[in-house]
Amino acid sequence: MSSLLSLCGAQPKMRDIFLQMPDSMLPYLTENNKLDFIDFIDSNMDAVVTNELGGKSQMLGLSDKHLTLKVSASKTIKMHLMPVNEPVDSCNQVICMLTTYGQDIKESKLEVFSVHWRPLDAERYVDIPRQPYVIRWFDNHPADFYPVNVKELGEVEEVSNEPKEDNQFLKCVHWKP
């Protein structure tokens, strides 16, 4: 509990957020798996672990504000710490998490959490259009688009693996701090 409290004392870092992620959200990754991911990334090694189902999971990227995790061949998680104007659980940041399921046909789910992993209403923070749209993750860098379609409130479907910045049918999701 003390480490959770420290997340709001200073600007939280994604590694701490990830380590505090509830086991129920990633039931087949142990605490040691999570620690190994971070150790491997810090050592510039391939961050691959054997999960509790006997398969391989890989951390593809980790920064102070971002994490990409290939949990299995059919599940990828992208998380980003996003700014908010009004504190949530005493912090001016929340976690925006996009979980993508599937291999050939993919579906994704967009969720928003406090830094204490309390679920929040995604539409309070993200303008979700009802047509294909693009999530822009990092400081408006064009390579960081992630094209998805809205399916239902909070659920999205991946359009393609490649950014489609110039596609007139894709709209950009705007973060509402």
Side-chain angles (χ1 to χ4, degrees), residues 3-4 6-7 11-82 93-120 122 126 133-151 154-165 170 173 175:
S3 59
L4 278 177
S6 69
L7 286 178
Q11 289 295 334
K13 301 220 184 308
M14 186 53 73
R15 67 181 55 232
D16 301 319
I17 299 286
F18 176 64
L19 289 174
Q20 297 300 324
M21 187 179 208
D23 292 341
S24 60
M25 294 180 78
L26 285 174
Y28 47 97
L29 288 179
T30 67
E31 183 177 344
N32 283 339
N33 290 149
K34 293 179 192 178
L35 290 167
D36 286 344
F37 279 139
I38 291 170
D39 288 343
F40 293 152
I41 289 282
D42 287 345
S43 300
N44 293 318
M45 298 171 59
D46 285 338
V48 178
V49 299
T50 301
N51 59 45
E52 290 293 289
L53 298 176
K56 297 294 182 189
S57 297
Q58 181 177 14
M59 183 174 283
L60 301 172
L62 176 66
S63 70
D64 287 348
K65 293 187 178 218
H66 174 260
L67 176 142
T68 302
L69 181 65
K70 188 163 185 65
V71 182
S72 67
S74 59
K75 182 178 180 180
T76 302
I77 295 175
K78 293 183 178 200
M79 292 189 280
H80 193 70
L81 284 171
M82 300 297 287
Q93 293 182 329
V94 294
I95 305 160
C96 187
M97 184 167 84
L98 184 68
T99 305
T100 302
Y101 305 92
Q103 292 177 337
D104 296 331
I105 299 173
K106 297 181 180 183
E107 289 191 12
S108 298
K109 184 175 184 181
L110 177 67
E111 299 172 282
V112 177
F113 299 92
S114 75
V115 295
H116 296 287
W117 289 103
R118 182 172 58 87
L120 303 172
V126 181
Y133 71 94
V134 174
I135 294 176
R136 184 179 288 203
W137 286 103
F138 314 98
D139 304 322
N140 300 327
H141 189 276
D144 297 318
F145 284 97
Y146 192 71
V148 290
N149 277 330
V150 172
K151 297 202 52 101
E155 292 185 12
V156 292
E157 177 182 337
E158 186 174 7
V159 173
S160 73
N161 291 331
E162 295 300 318
K164 300 282 188 188
E165 180 180 9
L170 296 177
V173 170
W175 186 251

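In what follows, every heavy atom counts, from backbone to side chain, and hydrogens, waters and symmetry copies are set aside.
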For the pair Thr76 and Thr99, evaluate side chain to side chain contact (heavy atoms under 4.5 Å, CB included) and give the outcome as yes or no after the intermediate values. CA-CA 6 Å; Thr76 302; Thr99 305; over 6 Å; no

Query - From CA spacing to verdict: side chain to side chain contact (heavy atoms under 4.5 Å, CB included), Met21, Phe113 - result: CA-CA 10 Å; Met21 187 179 208; Phe113 299 92; over 6 Å; no

Margin query: Walk me through whether His80 and His66 qualify under side chain to side chain contact (heavy atoms under 4.5 Å, CB included).
Written below: CA-CA 4 Å; His80 193 70; His66 174 260; 3.8 Å; yes

Derivation of the side chain to side chain contact (heavy atoms under 4.5 Å, CB included) call for Asp36 and Met59:
CA-CA 10 Å; Asp36 286 344; Met59 183 174 283; over 6 Å; no

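Residues passing the side chain to side chain contact (heavy atoms under 4.5 Å, CB included) test with Asn51 are Tyr28, Leu29, Leu53, Ser57, sequence neighbours excluded.
Between Trp117 and Met79 the shortest heavy-atom distance is CH2-SD, 3.4 Å. Across Gln93 and Val115, no two heavy atoms sit closer than the pair O-CG1, 3.7 Å. Between Pro12 and Ile17, the closest heavy-atom pair is CB-CD1, 4.0 Å. The minimum heavy-atom distance linking Pro27 with Ser24 is given by the pair CD-O, 3.7 Å. In terms of heavy atoms, Phe37 sits closest to Val49 at CZ-CG2, 3.4 Å. The two residues Leu26 and Val71 come nearest to each other via the heavy atoms CD2-CG2, 3.9 Å.
Using a 4.5 Å cut-off on side-chain heavy atoms (C-beta onward), Val94 and Arg118 make no contact. No side-chain heavy atom of Phe18 sits less than 4.5 Å from a side-chain heavy atom of Leu62.
Of the inter-residue distances, the one linking Gln103 atom CD with Lys75 atom NZ reads 14.0 Å to the nearest 0.5 angstrom. Distance check, rounded to the nearest 0.5 Å: CD1 of Ile77 to CD of Glu111 gives 9.0 Å. The NZ atom of Lys13 sits 10.0 Å away from the OG atom of Ser63 when rounded to the nearest 0.5 Å. Taking NE2 of His116 as the start and CD1 of Ile95 as the end, the distance is 9.5 Å to the nearest 0.5 Å. Distance OG1/Thr30 to CG/Leu35: 8.0 Å, rounded to 0.5 Å. Rounding to the nearest 0.5 Å places NZ of Lys70 at 10.5 Å from NZ of Lys78.
Residue pairs that meet the salt bridge (Lys or Arg N to Asp or Glu O under 4.0 Å) test with at least one member in residues 41-53, sequence neighbours left out, are Arg15-Asp42.
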